[in-house]
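Taking it in order: structure first as structure tokens, then the write-up.
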Amino acid sequence: MLTRNPGPELKFIAESLQVDVKNYHTWSYRQWLLAYFNDKDLWAGELDFVDAMIVHDVRNNSAWHHRFFVVFQSGIREGETDRDRIIRRELTFVKENISLAANNPSAWNYLRGILDINDLPYSRVEDFVRMYADASEDATRDVVDLENLPPSKGAELPCPAATEFLADIHEKEGRILEATELWRSLADEHDTIRKKYWEFRIREGLKSVK
Amino acid sequence: MNAVYWGLTALCIMGHKETLPREETIEFVMSCWDDEAGAFGAHPEHDAHLHSTLSAIQILLMQDALDRIDIPRVVKFILSLHQPSGVFAGDSFGETDTRFLYCAVSALSLLGQLHLLDGEAKDRTVNYIIRCRNFDGGFGSVIGAESHAAQAALAILDRLNVIDEETLGWWLCERQLPNGGLNGRPEKLEDVCYSFWVLSAMAILDKIPWIDADKLTAFILSAQDLEAGGIADRPGDMADVFHTLFGVAGLSLLGYPGLQDLDPVYCMPADLIEKRGLRRPWKALKRRTA
């Protein structure tokens, strides 16, 4: 029976996702529904929905992917025209979640995504990233700084994704030798499974210096 | 049909093609012909589908019986599934997916009919794939979908130039977990079949050296069922033909001794693809002697 009434489908999809939170086709269907009907009432609850999924499992890559779609790739809806505010909101959101669970590739990819799609330099988040690339204990602070939320106690530091991010910042800023030091630490200690990849980055980096 | 393709290919790579009786295999393939649609279904009496049609072509090619196919009809079926957006549907019911795009392109290529997808048709096919690229550098199965492993279609179409190879290579090598296995997306479990899906893409991009080959080899081998035989998705699980093929395929690309070379673009014996003049650039690890 064709009802062409998408509202109940969102509820149906949410229920299906309870059982299988990362089901590729279910998320794809949700996305299709939102894009096809493009109804503001359908969109209205979507950010809350994605929030809840990320709270439920901060490592759910499908949820992070969906959030990127909702925020940055589905047009600008009423109340969202102040893009700077949206960007600040999303940066705070992703930093909060990295603070909660530092070794989460989905969140780090999302952080890159925000900066890439808005043409912002990676150096904008350098202070934040440094806290996670730093193995020392005194990365925790007393005063809460929303721009630079520190890692939660017990986080495994340095976080390889942060080290990689910091190396990319160094590279983009022309600080190749600092970048190669970090790539070396990844190759030899913190991300040895990708040793050959990090050695590739070192070679390419040094080539650009010559 | 797909299972026969998985089994036969695995046997070919292990050098024991004769294990499956040639005539019976061909008969089975032909019994899946859907004369209404002009293509192959997954089983007798099943509706034709792009995926099973590709598998049929692959099997008949390996059994040197491609002449049994009514090529014009099959080509008509494949091209009829090409959508205005550039992607392919899997069958007349309309599900679209870049994996079907791959099936179509591969099937046409194996039949020597890829030239029929030219000019505007080829461009919109390639453009569809480009639009599937996501913010993390990976590609999804439809525009907007989450990144998931595989891009051999572009290799067949000789349009790899549209890819940012380094970013994609990075996203692919990030699939390797500390235990050596590969996953299909961030924060998901390792699975032997990604030893092929991810590895073949890396072979095409000539970036297999970025993978820790020893650890991946060990992981695949540890997923074997040493009593009943076969390879499972991960250690301790039940073996099946699907994971057996992709485990063996992965091992072949990693240079495991005693195996035949596998063409990662077509997932078929490399010598067969070479003979048909279809070899595209790719690089596997050198085959080790025992």
Side-chain angles (χ1 to χ4, degrees), chain A residues 21-36 57-74 101 103-118 160-161 164 168 187 190-201 203-204, chain B residues 87 94-99 131-149 164-190 198 202 205-216 218-219 285:
Chain A
V21 293
K22 301 184 184 184
N23 189 293
Y24 193 79
H25 307 287
T26 313
W27 281 103
S28 203
Y29 178 46
R30 192 175 183 98
Q31 202 181 70
W32 174 86
L33 210 66
L34 290 162
Y36 180 81
D57 179 3
V58 73
R59 298 174 189 283
N60 187 336
N61 195 65
S62 307
W64 284 99
H65 176 87
H66 191 73
R67 189 181 180 99
F68 199 82
F69 162 73
V70 169
V71 176
F72 294 114
Q73 294 178 310
S74 55
N103 280 293
N104 180 5
S106 303
W108 287 101
N109 284 347
Y110 192 80
L111 178 57
R112 283 173 188 271
I114 299 170
L115 300 172
D116 287 341
I117 205 172
N118 291 293
E164 180 183 351
D168 282 348
H190 303 299
D191 195 29
T192 55
I193 196 113
R194 267 168 284 282
K195 188 185 183 74
K196 303 254 188 58
Y197 173 71
W198 299 121
E199 288 175 344
F200 164 77
R201 294 297 295 272
R203 282 196 306 276
E204 292 295 298
Chain B
V87 74
E95 183 192 1
T96 57
D97 191 310
T98 48
R99 290 172 292 183
R131 282 149 68 205
C132 289
R133 188 182 182 278
N134 288 314
F135 68 90
D136 57 5
F139 289 76
S141 71
V142 293
I143 298 175
E146 188 187 354
S147 298
H148 206 286
D164 174 351
E165 295 198 11
E166 275 184 34
T167 307
L168 185 56
W170 167 81
W171 188 86
L172 288 167
C173 86
E174 285 283 322
R175 297 304 106 240
Q176 188 161 32
L177 298 167
N179 64 19
L182 304 178
N183 64 17
R185 341 170 220 166
E187 292 301 295
K188 288 217 80 187
L189 290 177
E190 65 287 349
V198 172
M202 297 198 81
L205 298 174
D206 187 10
K207 293 191 171 21
I208 289 194
W210 288 0
I211 291 281
D212 185 325
D214 291 337
K215 283 203 137 161
L216 179 56
F219 172 75
L285 291 186

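Proteins come first, then strands; the chains are lettered A, B, ... in the order of their sequence lines, and each starts at number 1. Computed over heavy atoms, backbone and side chain alike; hydrogens, waters and symmetry mates excluded.
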Q. By number, which residues in residues 24-32 of chain A have some heavy atom less than 4.5 Å away from chain B?
A. A/Y24, A/H25, A/S28, A/Q31
Q: Report the distance from atom CG of B/N134 to atom CD of A/Q73, rounding to the nearest 0.5 Å.
A: 7.0 Å
Q: Grab the two heavy atoms, one from B/L177 and one from A/I193, that are nearest each other, plus how far apart they are.
A: O-CD1, 3.3 Å
Q.
Any donor-acceptor pair under 3.5 Å linking the side-chain atoms of A/S62 with those of B/E146?
A. yes
Q: Identify whether NZ of Lys or CZ of Arg in A/R112 sits under 6.0 Å from the centre of the six-membered ring of B/W170 and within 45° of that ring's axis.
A: yes
Q) Under 4.0 Å between a Lys/Arg side-chain N and an Asp/Glu carboxylate O for B/E174 and A/R194? A) yes
Q. Non-hydrogen atoms of chain A under 4.5 Å away: do they reach the side chain of B/L216, the backbone, both or neither?
A. neither
Q) When rounded to the nearest 0.5 angstrom, what distance separates CZ in A/F200 from SG in B/C173? A) 10.0 Å
Q: Taking all heavy atoms of A/K196 and all of B/I211, pick out the closest pair and write down the distance.
A: NZ-O, 4.4 Å
**Q.** Partner chain A: residue of B/S141, B/G180, B/G169 with the largest heavy-atom pair count (under 4.5 Å)
**A.** B/S141
Q: Look at the rings of A/Y110 and B/F135 and say which category their plane angle falls in: under 30° parallel, 30 to 60° tilted, over 60° perpendicular.
A: perpendicular
Q: Pick one of side chain, backbone, both or neither for B/P178, based on which atoms fall under 4.5 Å of a heavy atom in chain A.
A: backbone
Q) In terms of heavy-atom pairs under 4.5 Å, which option from A/F69, A/Y197, A/F72 contacts chain B the most? A) A/Y197
Q.
Please report the interatomic distance CD(B/E187) to CH2(A/W64), rounded to the nearest 0.5 Å.
A. 11.5 Å
Q) Got a donor-acceptor contact below 3.5 angstrom from the A/H65 side chain to the B/G144 backbone? A) yes
